[in-house]
Asks: 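Got a structure for you, written out below as structure tokens; questions coming shortly.
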Amino acid sequence: MSERLERSMYSFVLRYSRRQQLYILAFVVLSWPIGFMLLDLPKQIINRALEAKTDIFQLAVLGVAEIPLQVSQSVFLIILCCIFLTLVVANNALKFHINTTKGRTAERLLRRLRYGLFSRVLRFPIPRFKRTSQGEIISMITAETEPVGAFFVGAVVDPIFQGGLLFVAIGFIIVQNPWLGLAAAAFYPLQIYVVPRLQKKVSALGKARLREIRHLSDHVGETVGGIVDIHANDTSNLELARFTDRLSNIYNIRFEIFQRKYMIKALNNFLDKLAPFLFYLFGGLLVIDGKLDIGQLVAVIAAHREMSSPWKEMLNWYQQQADARVKYDQVVSQFEADGMLDDALQHTDPDPNLTFDGEIDLANVSLVDEDEVRRLANLTLNLGFDTNLAVVGSGSSGKEYLGLLLARLAIPTTGQLKVAGQDLVALPESVTGRRLTYVATAPFMQSASVRDNLLYGLKNRPLRPADYDDEEGPKRERDFAEAARTGNIEHDYWADWVDLEAAGVESADALFDCLIEILDIVELSDEIYNLGLRGTIDPDHRPDIAEAALKARSGLADRLEETEYGGLVEKFDRERFNSNASVAENLLFGTTVGDAFDHDRVAENEYVLKVLHDAELIDDMLAAGRSVAETMIEIFADLPPGHEFFEQYSFISSDDLPEFRTLLSRTEKHGFDEMDPEDRAALLSLPFKVVTAQHRLGVVTDELVVKILRAREIFAANLPDELKGAVEFFDSEKYNAAGSLQDNILFGKLVYGQAEGSRMIGALIAETLDSLGLRGAVLEAGLEFQVGVGGSRLSSGQRQRLGIARALLKRPEVLILNESTSALDPAAQDRIAEKIIAMRDGKGVIWVANRVSMAAKFSKVAVLRDGQLVEQGTYDELNSEGTTLHELLQSS
Amino acid sequence: MSLNEEVELLRNIPLFAKLEPSRLKLLAFTSERITYEPDQVLFHQGDVGDAAYIIVEGEAKVLVETAGGEIEVAALGRNDFVGEIAILCDVPRTATVRATSKTVTLRITKDLFFRLVAEFPEMSVEIMRELASRLEHTTQKLREALANSG
């Protein structure tokens, strides 16, 4: 969709669904005679088949033809009934077909509209996003288009259909008596005049409401984005008040819309009822005068009644279309912007003959932003493709705009920007986004794995078709055909998009090695390694890693035995109680999956209760629970309610403490047997949380341990099928898919309170993995780590380094970094810059530096001040008394 | 060792001796119990102080780094309380403490310590008393030293 979006809803609907609309209309017309026959047949059955006594029956068809049939009365009845049944089936089949066709047409139009809007978002000039918020765009593409889509099909078919019915009814009355015909339609001109005027006001209100709703979604989006600062500034009341204010606005507008809308309805109903009044009065007078017979009058009144329903429908339709038009206009007008990127620039593949070397040439380039502020002024700069350039300047120097310009992410307001002799502005994104690569200060992260985010920059076009089975293949084919029909892009999202050639490798294995090498350069591999250890993997998906983990498990076990570290880990053993695991973990002897055996509520689980009962453990656990409760009350009772110790240390929250106190006194009186189920569950839940080694509460006695071990056996042996997926048992021979890679290798618990235990075991695990050659497997698992929404599960420094790694992987001719290491410590920044320059080996690096001293690493330095290039040269040339660079260095 | 035994032990430490049993239990329950192997270090001189330690079992020595190397200035044993200066005065650790045998400690974090003091005023009185007596102790030593040298 390179052209503009249709300005009016009708041109959009007609342009993309004319044929379907005609098709639907044809079926609607076809349904009319069937409907007529269905009304007419019962009359025939009664009048002709049941009451008449004759040898020749007449079958009336649509009130125009009569077919004589020489059959017996009962046969005629059967024939009529069969025709009736056939018509019922036909009528329903037709309606079904009409409705599905309508629905499909509407959905196709909606799909086309949404695609058009989204593709425009991708082509908006970038400064536009400073003014349009995410919330507004989301609300427009999703919610606002929905009612428009629902209206699309009715836009043409409904008025024709209802209008047809209306004209038939009016025609009928006029045939009976022209004056009455005029009388029946007398108020229509008035309504046609008044209603649109009233509706106009409603539409204007509708527009205002839409604006308010957009502000509302904008506000919600902002709140989610700024949640930390809202808490930090105690401004939740302010936000609530702001939200309330918006809701009030919406309420007021909505109320006025309702008033006016129903005013229109009421007016129409009144005028509608006024007509029969005229019929009775003037028609009656005509009857008295003998100018009209009474039968005609009755027929006319009946016909008017027939008219009123389609008329009301027309009116409804009119209101709906007014509403839909407002929404359409409001949405579409927001998606037309000046300076929208030409569609062709996004879809053109790079010219294979394009040689991309030579120079980057800026001649008198200026950049004025959307607020008319001059960010860069008359820049003239000439760079070889092999130059390592540091761009330095103070915060207001405009240096970051130079980075954006060079990556074509900002368009020069005046002046010429040529790359390898070509006008950069006219080059397609397939060149500017691959041959040049820009790394932002806060690079974009998808909510996907680390690997997906690294490979993101290599996914420019689908390269190798996806492998579909016989079931999936045809389904995909249908999807592609449908996508093509509605003007959507025809690339398969599920194809393999990764451009191995761009990364300079030949296979996926080589790509992995290349990834690791680059992660080393940006000093991210250790962190990815740790993510891998702490993350889970799917052993069905990666059986190789699971197998490696099992190898490491036994490797670690050997090492633990050989060294003095053995005392730092308590291994899982089916026959033994693990004092560094909670009682719940000891009973389940596995990792929970889902929340069926959630540790906080395990005491409420019916199956667990049954197991406790079978192991004769209930009373012991209740006694343990009582003992825990007593200790907690003793320790925490003096603390003020809500004290943070409760949350940090107590088994019982401050709110529940008084309840437990009364609960204990109740049990003291009546014993465990007469406890109500709620008290029981409350008391039982306590000992499950106890970790013997950590809590030292002394409630898990040797006797209890024996019983818990027996319960463990019972639990595993009788686990019902529907709960089998809810726990993954510890099995020394099996990989535990629910546990982290580290847990799988450790296969036990760190012993509580051993100084530096965690660090020493961590080192031992790393050593074991290295000696088994499994570091790669862990890194691979780390690459599967899900980074969260916007990369929120990574630190900002990690996101920055991931962004750089993504760019390095593409091996661009020119790499542009915009303060891309600002979240790292200065030493790391310098190290990474050095490594990148070395790795690029003669290919250009343009680094907009956040610290001036970084410039020393680069072969050339450009110094900006107030948007002007004030100095350029080597660091040594420029670093002398009196230069701006020197001044910047002194002040930093 | 169970919580109750730890409470008994805390009671033998002058600083906590006068606290009610339930408070001692709170102190024991909310502090971490850490075991050190011989030669492992509880904390290093110059570190930021984030916790004080009560020695439950075993022995440790207090070492001060000087230009002439490490000097052992004190030996610690069961019931000794160590590391409180750094958390009370917000100064870096004034010495290194190293376990000489297998040593079990209760680690009371700075947060926990201050919260306890704020929560239970009788504890701050105890601390004052303890510090005053230490001051008196060192003053006396100084006086003796001055007398001897003079």
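Keep in mind that what you see is a predicted model, and the values were worked out from it rather than measured. Below, chains carry the letters A, B, ... as their sequence lines are ordered, and counting in each starts from 1.
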Asks: Scan for side chain to side chain donor-acceptor pair (under 3.5 Å) pairs involving residues 653-665 of chain A, sequence neighbours excluded, and state none if there are none.
Replies: Ser653(A)-Asp656(A)
Asks: Quick one: CG on Leu639(A) to OG on Ser22(B), what's the gap to the nearest 0.5 Å?
Replies: 9.0 Å
Asks: Thr631(A), Thr692(A), Val751(A), Ile635(A): which one forms the most heavy-atom pairs within less than 4.5 Å of chain B?
Replies: Ile635(A)
Asks: Taking salt bridge (Lys or Arg N to Asp or Glu O under 4.0 Å) as the cut-off, I'd like each qualifying pair that reaches into residues 747-771 of chain A, sequence neighbours left out, listed once.
Replies: Arg559(A)-Glu767(A), Glu585(A)-Lys749(A), Glu756(A)-Arg759(A)
Asks: Students often mix this up, so state it plainly: with edges at 30° and 60°, are the rings of Phe29(B) and Phe651(A) parallel, tilted or perpendicular?
Replies: tilted
Asks: Run the side-chain contact (heavy atoms from CB on, under 4.5 Å) check on Gln648(A) and Thr30(B) step by step: do they pass?
Replies: CA-CA 9 Å; Gln648(A) 277 181 298; Thr30(B) 50; over 6 Å; no
Asks: Flag the one option from Gln694(A), Gln754(A), His695(A) with the top tally of heavy-atom pairs under 4.5 Å to chain B.
Replies: Gln754(A)
Asks: Please round to the nearest 0.5 Å and tell me the distance separating atom OH of Tyr752(A) and atom CZ of Arg33(B).
Replies: 8.0 Å
Asks: How about CD on Glu634(A), more than 12 heavy atoms from neighbouring residues, nucleotides or ligands closer than 6.0 Å, or not?
Replies: yes
Asks: Taking heavy atoms only and a threshold strictly under 4.5 Å, list by residue number the residues of residues 36-46 of chain B that touch chain A; give 'none' if the list is empty.
Replies: Tyr36(B), Glu37(B), Gln40(B)
Asks: Just wondering, more than 12 heavy atoms not from Asp702(A) lying within 6.0 Å of its CG?
Replies: no
Asks: Can you establish whether the number of heavy atoms outside Glu647(A) located under 6.0 Å from its atom CD is more than 12?
Replies: no
Asks: Side chain, backbone, both or neither: which part of Arg107(B) has an atom under 4.5 Å from a heavy atom of chain A?
Replies: neither
Asks: To the nearest 0.5 Å, what is the distance between CZ (Arg696(A)) and CG (Asn4(B))?
Replies: 11.5 Å
Asks: Does atom CZ (Arg601(A)) have a neighbourhood of more than 12 heavy atoms from anything else shown, all under 6.0 Å?
Replies: no
Asks: For Arg626(A), check salt bridge (Lys or Arg N to Asp or Glu O under 4.0 Å) against everything at least two apart and list the hits.
Replies: none
